[in-house]
Amino acid sequence: KAGVTQTPRYLIKTRGQQVTLSCSPISGHRSVSWYQQTPGQGLQFLFEYFSETQRNKGNFPGRFSGRQFSNSRSEMNVSTLELGDSALYLCASSPTSRTGNTEAFFGQGTRLTVV
Amino acid sequence: AQKVTQAQTEISVVEKEDVTLDCVYETRDTTYYLFWYKQPPSGELVFLIRRNSFDEQNEISGRYSWNFQKSTSSFNFTITASQVVDSAVYFCAPRGAGSYQLTFGKGTKLSVIP
């Protein structure tokens, strides 16, 4: 079974530009979450999608947005990039269970550098 | 909402030594799950173990074991006979039962020296 796939792996953008990151979850997983990892703030939750609906959102400005498609693939978008957006963006997918007693599986991440 | 404290920022051990990583969490959820993840230099977070809040039985899985003490909100993780490949950053993360959102601690960087 293929794991969580994130594309691209590396990205360099200029301040003010926008960027779209993609995540393909493990087949059958309907929950997709996004996290931002920086040396200063650590791993922070961005948002979670389930069946095309955003269920939770972390404390990030509106420049950060996301969506999920009917095949569970997800994209996140960052507009008007700032230097502080440079980070490793990790996507995770989780299988659905009645009790929620499941673990999240992470992709290798997209390393975004804003110059 | 959850909060996690991993007091150990960095640990160095010599290969074959045992090492315990500490985790103290805070949660208002009555039912929750606790996880340990490992992040090697490649960046991917690798799932290690999961524990339910209603099951305090401690277990051993290969070289890994964990000690869950609900009364002290601690969820410590032990690697027995450490190996160089265990060198990574380890994260403890609780999650409430009603969400798939993980709250991560700052992580503990483990270096296993040959």
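Chain letters run A, B, ... following the sequence lines, proteins first and then strands; every chain starts at 1.
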Aromatic plane relationship, A:Tyr35 with A:Phe106 - under 30° parallel, 30 to 60° tilted, over 60° perpendicular: tilted
Chain A neighbours within residues 36-52 of chain B, where any heavy atom lies under 4.5 Å away: B:Tyr37, B:Gln39, B:Ser42, B:Gly43, B:Glu44, B:Leu45, B:Phe47, B:Arg50, B:Asn52
Test log, rule side-chain hydrogen bond (donor to acceptor under 3.5 Å, both in side chains), inputs B:Trp66 and B:Thr78: CA-CA 6 Å; B:Trp66 48 96; B:Thr78 297; over 6 Å; no
Top contributor to chain B interface from A:Gln37, A:Gln6, A:Gln44 [non-hydrogen pairs under 4.5 Å]: A:Gln37
Structural part of A:Gln108 lying under 4.5 Å from a heavy atom of chain B: both
Atom group of A:Leu88 that falls short of 4.5 Å from chain B, counting heavy atoms: side chain
Distance, nearest 0.5 Å, that separates CD of A:Gln68 from CE of A:Met76: 14.5 Å
Residue pair A:Arg63, A:Asp85: steps toward the salt bridge (Lys or Arg N to Asp or Glu O under 4.0 Å) verdict: CA-CA 10 Å; A:Arg63 301 184 296 107; A:Asp85 297 332; 2.8 Å; yes
Partner of A:Arg15 under side chain to side chain contact (heavy atoms under 4.5 Å, CB included), chosen from A:Thr80, A:Leu83, A:Leu81: A:Leu83
Worked check of salt bridge (Lys or Arg N to Asp or Glu O under 4.0 Å) between B:Asp29 and B:Arg95: CA-CA 9 Å; B:Asp29 293 298; B:Arg95 173 168 72 75; over 6 Å; no
Spatial distance of atom OG (A:Ser72) from atom CZ (A:Phe50) [nearest 0.5 Å]: 8.5 Å
Neighbour count >12 (heavy atoms, 6.0 Å) for atom CG, A:Asn59: no
Pairs satisfying side-chain hydrogen bond (donor to acceptor under 3.5 Å, both in side chains), at least one member in residues 105-114 of chain B, at least two apart: none
Partner residues of A:Arg9 under the salt bridge (Lys or Arg N to Asp or Glu O under 4.0 Å) criterion, sequence neighbours left out: none
Contacting region of A:Gln41 [heavy-atom separation from chain B under 4.5 Å]: backbone
Proximity of B:Phe77 and B:Phe75 rings by center, below 6.0 Å: no
A:Ser94 and A:Glu103: side chain donor to acceptor below 3.5 Å: no
Best-contacting candidate, A:Ala104, A:Gly58, A:Gly42, against chain B by heavy atom pairs under 4.5 angstrom: A:Ala104
Chain A-proximal positions within residues 15-27 of chain B [heavy-atom distance under 4.5 Å]: none
